[in-house]
Amino acid sequence: NEKIANKEKDKPDVSFKDVAGLDEIKEELQETIDFLNNSSKYKKMGARIPKGILFYGPPGTGKTLLAKAVAGETNSVFLYASGSEFVEKYVGVGAKRVRSLFERAKKEAPSIVFIDEIDAIGSKRNLESNNEKDQTLNQLLVEMDGFNTHETVIVIGATNRLDLLDEALLRPGRFDRHIFVGSPNMKARQQILEVHTRNKPLDKSVNILDIARKTHGLSGADLANIANEAAIIAVRKNRSKITIEEFDAAIERVLAGLEIKNPTVL
Ligand code: ATP
């Protein structure tokens, strides 16, 4: 039973309606979604679908969310891994983990393997060899080459630094589709704020478009954070609804946090 529960847990309850402002990317992912939903159609036709997709762009812009939504839209299993988890002190450990991740993906297909911070294992190899990292990357390449048309597995990698990645990883048949996920413009910020205030009682003093105007340069993750902070402040103040005051306080708090983390960001 625990196994069943786990399996359910691995099927994210996230869909494209939770992802705001990335319409072109959602459009681009339709083919992948169709493949996951109707893989037999593709197999019969002997069609090979690009199986490796790379999302690149600044942090907090929805790369993980998009990958989860693809799984949610297709009822696929979502297997999350972070590149940094694979890099271990002992040679061979990372490679072994990669192997078992892909074994599981094939067993539980249709599935999505999501590798966040893929640059941690996939950065350019240099003359000074790092055995552990190289073996891990080699194993990933072996796994990606090993796919055939019978496996309904899609691999999505995410990175903030496309330029760091080893070219071997970007070759046809591997991560050959690159999708830039950029910072949201004002319209997208408005849509993201709408998604994140969907289930929150808002006072009529709150104008989402005004908040979108005031939050230039912030990411989707920052905006989600602002909506949540505003709700927390409203609870603390015993309000029945969230007013613009709480939003302003939340914006200030999130901006202050960003300045501490990175003084050059704003
Ligand atoms: P990182 O590069 O730091 O891993 P990321 O691009 O993977 O970041 P996510 O983890 O997908 O970013 O985003 C973090 C959270 O921010 C999401 O869970 C969601 O709540 C919110 N978010 C980001 N982008 C969007 C968006 N386009 N629509 C709705 N929510 C978003």
Side-chain angles (χ1 to χ4, degrees), residues 9-30 32-33 52-73 78-87 112-123 154-165 175 177-200 202 208-209 211-212 215-232 247 250-251 253-255 257-258 260-262 265:
K9 202 181 72 200
D10 289 335
K11 291 193 174 172
D13 191 18
V14 176
S15 74
F16 271 174
K17 69 177 187 322
D18 301 303
V19 185
L22 298 169
D23 295 343
E24 276 172 33
I25 297 176
K26 289 188 214 170
E27 194 52 49
E28 209 174 331
L29 291 169
Q30 282 310 322
T32 304
I33 288 180
I53 302 173
L54 195 68
F55 290 154
Y56 67 102
T61 46
K63 296 183 285 299
T64 310
L65 187 68
L66 270 168
K68 268 191 196 160
V70 172
E73 291 280 335
F78 182 77
L79 300 175
Y80 176 95
S82 170
S84 53
E85 285 165 26
F86 292 109
V87 186
I112 292 185
V113 174
F114 179 72
I115 308 177
D116 204 1
E117 298 175 51
I118 193 159
D119 42 285
I121 40 173
S123 60
I154 295 284
V155 192
I156 302 181
T159 180
N160 304 323
R161 295 290 307 272
L162 182 62
D163 57 307
L164 289 183
L165 294 184
F175 290 99
R177 183 169 290 190
H178 308 159
I179 299 181
F180 177 66
V181 188
S183 299
N185 62 18
M186 194 174 71
K187 180 101 202 295
R189 292 198 300 279
Q190 183 185 4
Q191 289 167 346
I192 293 169
L193 285 162
E194 270 157 12
V195 164
H196 288 278
T197 52
R198 211 161 42 189
N199 302 320
K200 297 180 172 68
L202 297 185
I208 295 289
L209 183 60
I211 301 173
T215 47
H216 178 85
L218 298 195
S219 68
D222 299 328
L223 297 168
N225 210 348
I226 286 173
N228 190 51
E229 283 285 341
I232 291 172
F247 269 98
I251 292 169
R253 191 178 285 183
V254 168
L255 288 180
L258 290 175
I260 291 165
K261 266 201 303 199
N262 181 0
V265 82

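Each residue takes its place number in the sequence, starting with 1. This one's a predicted model, so the numbers in the text were calculated from it and none came from an experiment. Reckoned from all heavy atoms, side chains included, excluding hydrogens, waters and symmetry mates. As the structure lists them, so they are numbered: ligands from 1, and atoms in each ligand from 1.
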Is ligand 1 under 4.0 Å from a heavy atom in the side chain of [X], in the backbone, in both, or in neither?
X	result
Ala224	side chain
Ile192	side chain
Val181	neither
His196	side chain
Leu66	neither

*Take the angle between the ring planes of Phe114 and Tyr80 and call it parallel below 30°, perpendicular above 60°, tilted in between.*
tilted

Quick test: of every protein heavy atom, which one is nearest to [atom], and how far off is it to 0.1 Å?
atom	value
atom 4 (O) of ligand 1	Asp116 OD2, 3.5 Å
atom 28 (N) of ligand 1	Ala20 N, 2.9 Å
atom 29 (C) of ligand 1	Asp18 O, 3.3 Å

*Using distance alone, decide if ligand 1 has a nitrogen or oxygen within less than 3.5 Å of any nitrogen or oxygen in Val195.*
no

*Give yes if a backbone or side-chain nitrogen or oxygen of Leu65 is under 3.5 Å from a nitrogen or oxygen of ligand 1, and no if not.*
yes

_Quick check against the 3.5 Å criterion: does Asn185 have a side-chain atom that pairs as donor or acceptor with the backbone of Ala188?_
yes

_Ignoring hydrogens and geometry beyond distance, is a side-chain donor-acceptor pair present between Ser82 and Asp116 at under 3.5 Å?_
no

*Under-4.0 Å salt bridge between Arg198 and Asp18*: yes

*Looking only at non-hydrogen atoms, find the nearest pair between Ser219 and Pro59 and report the distance.*
CB-O, 3.7 Å

*Quick one: does Gly60 get within less than 4.0 Å of ligand 1, heavy atoms only?*
yes

